[in-house]
Amino acid sequence: MIEFLHGELQFKGDNYLVLQVGGIGYKLFTPTLVIRELPELQTEITLFTYLHVREDELSLYGFLTLEERDLFMILIQVSGIGPKLALTILSHLTCQDLYQAIMLEDLKTLQTVPGVGKKTSGRMVLELKDKFKKHVLPPKVETKTKGEMDLRQEAISALLALGYSFAEAQKAVPQVSEIDKYSAEDLIKLALKNLVKY
């Protein structure tokens, strides 16, 4: 219903903020990891939003990136996980950490989140692993060097985290001659296209 809001940041709390849009102050619940990345007050920002509707409540959730918002929406589809717990998960685990924990079935990491025990972490892996394989691109990988081997290794590692075998990843990640024109994210996208062809 509300795809995004663009306005002036008026207040930052522990897990929410107030955004002024056209003379109206909107309270948006947001992960603490997002709060830490916000600019100073009175700065204009854009937040991607999710409106949660219940009989007795309307709650608006805000995220700096579409990836964060989409992950939140996927999390609340897991049985036993509502918006508050999904917000807590994204407050303690980055998108990258969550991808890797799910794809590697790392229950220990998932259980570091308050409110996530053995049953919930098990359900998360069970219900999310296939969704991540089919619908979710790995998060952008920051490139530390321009070397082809480094870029290819990062792309291969991302595919391994998504559940592909080393042989599949090696075959799918292309060798590129003009490495300056590519980022690790570009190689990952090309590899995923190649995997679809196989």
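Predicted, not measured: the structure shown is a model, and the values here were computed from it. Side-chain atoms are counted along with the backbone in the values below, which use heavy atoms only and exclude waters and symmetry mates.
Using a 4.5 Å cut-off on side-chain heavy atoms (C-beta onward), Thr30 and Asn15 make no contact. Between Leu98 and Leu75, some side-chain heavy-atom pair lies under the 4.5 Å cut-off.
Leu104 and Val125 are assigned to two separate hydrophobic clusters, defined by single-linkage of ILVMFWY side chains at heavy-atom distances under 4.5 Å.
Identified under the salt bridge (Lys or Arg N to Asp or Glu O under 4.0 Å) test for residues 95-113, with sequence neighbours left out: Glu105-Lys129. Within the structure, the salt bridge (Lys or Arg N to Asp or Glu O under 4.0 Å) test picks out no pair touching residues 5-29 (sequence neighbours left out). The ring pair (Phe, Tyr, Trp, His ring centres under 6.0 Å) analysis of residues 39-58, with sequence neighbours excluded, yields the pairs Tyr50-Phe72.
Every residue two or more places apart in sequence or in another chain was checked for a ring-ring contact (aromatic ring centres under 6.0 Å, His included) with Tyr26, and none qualifies. Judged as a ring-ring contact (aromatic ring centres under 6.0 Å, His included), and not counting sequence neighbours, Phe4 has no contacts. For the side chain to side chain donor-acceptor pair (under 3.5 Å) test, no residue two or more places apart in sequence or in another chain qualifies with Thr49. Taking Glu44 as the reference, His6 meet the side chain to side chain contact (heavy atoms under 4.5 Å, CB included) condition, with sequence neighbours excluded.
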Pairs of donor and acceptor atoms involving the side chains of residues 78-91, under 3.5 Å and at least two apart or interchain, shall be tabulated with distances.
from: Ser79; atom 1: OG; to: Glu127; atom 2: OE2; distance (Å): 2.8
from: Thr88; atom 1: OG1; to: Lys84; atom 2: O; distance (Å): 3.0
from: Ser91; atom 1: OG; to: Thr32; atom 2: N; distance (Å): 3.0
from: Ser91; atom 1: OG; to: Leu87; atom 2: O; distance (Å): 2.8

With a 3.5 Å cut-off and sequence neighbours excluded, list the donor-acceptor pairs that the side chains of residues 35-42 form with protein atoms.
from: Gln42; atom 1: NE2; to: Gln10; atom 2: OE1; distance (Å): 3.4

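Residues Glu68 and Tyr61 bring no donor and acceptor atom of their side chains to less than 3.5 Å of each other.
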